[in-house]
Every structure is written in structure tokens, then in C-alpha cells.
Amino acid sequence: MMYIRLNKNIGKTADSEEAAGLQERRDKISQFPADYKQNPKEKLNPAQLEQYYYMQKLETDVAKWEKEKEKIKQCLWWDDVVKGLANQNQSTTDSGAISENESTPSTPTEQTEPEAPPPATLNPNGKAWFIHPITLINYFNIKIKLWHEPLKNSQRTYYNSSDNIKPSNGAFGKVRSFWNEETKSLQKKTHNGLDLFADINTPCYACLDGEIIQYKNEGSNGYGNVLVLKIKGDHLRDSINNYSLEYKDEVVSGNGFNLNADYFYLRYCHLSSAVLINGNVQAGDLIAYSGDSGNVKGVCNPHVHFEIAMKASGNGLGLVNRYNPAFFVNLQAIDEKLQTDVKKRRNNEKK
């Protein structure tokens, strides 16, 4: 049985810090361009987009709550709620002359922590009132997430493939550049995933429950061995973290990505081998091992190119149909010494 402990601050007033934070978000959104909903990715800057997607998630959670109300009776704690309401009603009846505004004094010697309010209260008219979903979102101590990190220690690549220190090179967006001989200038280039440092044969795990629907080689000039995991849209949406864009040209998502879709596809690229090539898996299951297949053969910064996409393959050029994985992967601090040691070893192996 799973127990959920309510935050003791659940009864905070409208003047609370949490309420003020939510109001602050509403105030910021009220300053957006009037027609921003028609094309938010063009109308809003990265900071505004982050606010927009956060409020969109809240709206999605509220809509889900409306659908789930009738299922509450099936929850494991429903029997406790009913008994609690019955006891509350009995206490009200037994109190007799004690008015609504009076309270029973507590024993001076008792120093116990105040009990958290129940998930429902019973009014004198017999109606049961449940905590509103927005309250649940803001005040629960914990979030139940299925998400499991793709690697045991998910960190950005510290070096690019040219041996230069450039962690932004593996971020999502127009974070790369190349010399255009024709124009004699540097030009921006997109990177449509998140490069996670992984020495050869590092274990890779299923981030969410899902189905492995594909494992194939996408070419020596591309992503090499690629494993694709199909996941439910709700599971991904529930896994959004508090990431904020770190780099100037990093973005939230590309055109065509619909965060409200029913299914998404996690793409693990440049692998050496797969443990499973099809079938259902659970979050945390070992599914593959990292490598340097495809266009990263022999590079000094071996890594897993990780994508969140609308399709298993054929998503289009650039950032199209893809979302920034850093909003789900909980990135750890870069281990500069480890990555430097691996770089030196890899370069020595090529001599």
C-alpha cells in the first residue's frame, strides 16, 4: 500500500508565499502579446515559453482531475476517508452545545505536530468537499513520478568532438556553429537532442514504462545504432522537471511538437548494443549499452544522443517534432576530471 503524506502547510491563506507565486505567474502571462496563443513559439521569448508551458501543464492536470473524480471511490484510501468523515460527523453530533466557533483546548503537555487536514471535509448539510487539484499541485510534499534517468549519472558532454571545452555543444537548439567557406563566416547549426556523456558500454535504462518498437542502424553518417521506446503522453507530462534554459541559443522545442499528444518516442542513439530489441519494459529496466556508432566513431567525447520526438523516426530536419530532453533528464554536475581522462585515453587509442 502506498501512503501520501500531506504538507502541513496545506491550509495556507491567499496571502501565502505559494499563492503569491501562482499569482506572479498569472501576472507575467497577462503581459504576453494578445495573440500569443496562435503561435507561442514565435510570439514568446524562452522565459515566457517556460511560463506558458508550466501553466499549460496545470490546466492539463485540472482537466485530468475532472475526469478522475468518479474514480476516487476506487482509491485505497477511500475507506479511510469515509470512516474519517463519519467520525467527524459523529463528533459534531456529540458536541451538542459546542458552537461552530468554539474549540476544545489541547493538553498543555502534548507537543505533537498538527494533523494534516483530510482529503475531504463534511459540511453540516452532509455534503463532502474535496481538495481542489490546484491545491494538490501546490501543497503535496511529494510528486509521484515514474521517470528514471537514462544513465546512472546523466551529465552533459564537457568537450565537443574537436577536443574543445564546450558543454553547450550537446544542448538542444541552434547551439553549434560551422565555418561557411562560401560566405566566409560562422553560421549556426541545430542540435536536436541532448548529448549525455557515456564511456563505451555504459548501461542505458528505460526512462518510463513503454514498448521498445525499434532497434536499427541509422547509418554510419547518422545516429548509428538507435533504440526507440514508445511511451504514454501522460507519463512524459508528469515527468517535467524545473529546468531553465542554460544557453543563449538553447530552446524548449521545435516546430510540430505537441506536448498534449497521446504518445511520444524516446530515441537512444550511438549505441553499441541492445539488451532488448522489442517488447514492453518498465522504467528503470536495462535496455542497451552506449557506444560510438554512426558519425561519432572514435570521438574524444563518447555519448548517448538522447531525443524526445513525435515519431519513431523520420521526424524531419533540425528541431522539428522534438522537445528539449533537459526538461525531463535531471542533469548532474559535469565531472570534468572523468571526462578529461576519457578524452585522453580515447585520443591515445587513435595513435
Side-chain angles (χ1 to χ4, degrees), residues 1-5 53-54 57 60-61 64-65 68 71 74-76 136-137 140-156 172 193-199 201-216 223 225-243 253 257-291 303-313 315 321-332:
M1 180 180 291
M2 176 176 60
Y3 295 91
I4 297 177
R5 182 176 181 269
Y53 284 126
Y54 179 83
K57 182 178 185 297
T60 300
D61 287 339
K64 284 168 59 179
W65 171 266
E68 294 293 326
K71 297 181 181 179
Q74 300 173 17
C75 291
L76 291 174
L136 294 177
I137 292 168
F140 267 127
N141 258 346
I142 60 172
K143 287 184 178 179
I144 301 172
K145 289 186 178 181
L146 293 174
W147 183 266
H148 189 284
E149 300 307 321
L151 306 177
K152 187 176 180 180
N153 182 12
S154 298
Q155 58 179 287
R156 295 187 187 278
F172 183 90
L194 174 64
D195 285 350
L196 299 171
F197 173 78
D199 202 356
N201 289 324
T202 295
C204 303
Y205 304 96
C207 293
L208 291 165
D209 296 354
E211 179 186 3
I212 295 174
I213 61 167
Q214 179 178 297
Y215 177 70
K216 70 176 184 178
Y223 295 122
N225 298 325
V226 179
L227 183 146
V228 181
L229 177 63
K230 182 180 180 181
I231 59 170
K232 291 183 178 180
D234 284 345
H235 290 176
L236 184 69
R237 286 184 286 273
D238 288 342
S239 302
I240 292 177
N241 60 30
N242 296 319
Y243 178 75
S253 65
F257 191 94
N258 177 15
L259 192 57
N260 293 313
D262 292 331
Y263 295 96
F264 298 106
Y265 299 86
L266 306 184
R267 290 169 45 85
Y268 300 72
C269 308
H270 302 315
L271 303 176
S272 63
S273 62
V275 175
L276 300 168
I277 60 173
N278 56 50
N280 295 324
V281 294
Q282 293 183 323
D285 284 352
L286 175 64
I287 55 176
Y289 289 95
S290 69
H303 59 270
V304 172
H305 173 89
F306 185 64
E307 292 183 11
I308 298 175
M310 294 293 295
K311 303 177 183 178
S313 59
N315 284 282
N321 288 326
R322 298 170 177 91
Y323 201 95
N324 189 339
F327 283 93
F328 303 92
V329 176
N330 296 291
L331 291 166
Q332 304 299 304

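Along the sequence shown, residues are numbered consecutively beginning with 1. Only heavy atoms go into these numbers, but all of them, side chains included; no hydrogens, no water, no symmetry mates.
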Check: [Y] and [X] side chains under 4.5 Å, non-hydrogen atoms:
| X | Y | result |
| --- | --- | --- |
| V226 | K216 | no |
| S154 | F197 | no |
| D195 | V304 | no |
| Y223 | L271 | no |
| F306 | L151 | no |

Interatomic spacing from [atom1] in [X] to [atom2] in [Y] - rounded to 0.5 Å:
| X | Y | atom1 | atom2 | result |
| --- | --- | --- | --- | --- |
| E211 | I231 | CD | CD1 | 12.5 Å |
| D234 | F264 | CG | CZ | 9.0 Å |
| Q214 | R267 | CD | CZ | 7.0 Å |
| Y243 | N330 | OH | CG | 12.0 Å |

Residues 274-286, side-chain donor-acceptor partners within the protein, below 3.5 Å, at least two apart:
residue: D285; atom: OD2; partner: Q282; partner atom: N; Å: 2.8

Centroid-centroid distance, Y205 to H148, less than 6.0 Å: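 Yes.
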Ignoring hydrogens and geometry, is there a side-chain-to-backbone donor-acceptor pair from [X] to [Y] under 3.5 Å?
| X | Y | result |
| --- | --- | --- |
| E149 | C207 | no |
| R237 | L259 | yes |
| S290 | T202 | yes |

Could you give me the CA-CA distance, side-chain angles and deciding distance for Y268 and H305, then say whether side-chain contact (heavy atoms from CB on, under 4.5 Å) is met? CA-CA 6 Å; Y268 300 72; H305 173 89; over 6 Å; no
Run the numbers on L194 and I308 for side-chain contact (heavy atoms from CB on, under 4.5 Å), then give the verdict. CA-CA 9 Å; L194 174 64; I308 298 175; over 6 Å; no
Restricting to non-hydrogen atoms, name the atom on [X] and the atom on [Y] that form the minimum distance, rounded to 0.1 Å.
| X | Y | answer |
| --- | --- | --- |
| A206 | I287 | N-CD1, 3.8 Å |
| L208 | S239 | CD2-OG, 3.7 Å |
| A312 | V228 | O-CG2, 3.6 Å |
| N321 | N315 | ND2-O, 3.0 Å |

Trace of the side-chain contact (heavy atoms from CB on, under 4.5 Å) decision for Q155 with L196: CA-CA 5 Å; Q155 58 179 287; L196 299 171; over 6 Å; no
Sequence neighbours left out, what passes side-chain hydrogen bond (donor to acceptor under 3.5 Å, both in side chains) with H270? Give chain and number order.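 side-chain hydrogen bond (donor to acceptor under 3.5 Å, both in side chains) list for H270, sorted by chain: empty.
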Ignoring hydrogens and angles, write down the donor-acceptor pairs under 3.5 Å from the side chains of residues 322-329, residues two or more places apart or on other chains.
residue: R322; atom: NE; partner: E307; partner atom: OE1; Å: 3.2
residue: R322; atom: NH1; partner: G316; partner atom: O; Å: 3.1
residue: R322; atom: NH1; partner: G318; partner atom: O; Å: 3.0
residue: R322; atom: NH1; partner: V320; partner atom: O; Å: 2.9
residue: R322; atom: NH2; partner: G316; partner atom: O; Å: 3.3
residue: N324; atom: OD1; partner: A326; partner atom: N; Å: 3.0
residue: N324; atom: ND2; partner: E250; partner atom: OE2; Å: 3.0
residue: N324; atom: ND2; partner: V251; partner atom: O; Å: 2.9

Let me see the working for M310 and N258 under side-chain contact (heavy atoms from CB on, under 4.5 Å), right down to the final yes or no. CA-CA 8 Å; M310 294 293 295; N258 177 15; 4.0 Å; yes
Is the number of heavy atoms from other residues, nucleotides or ligands under 6.0 Å of Y263 OH greater than 12?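 No, not enclosed.
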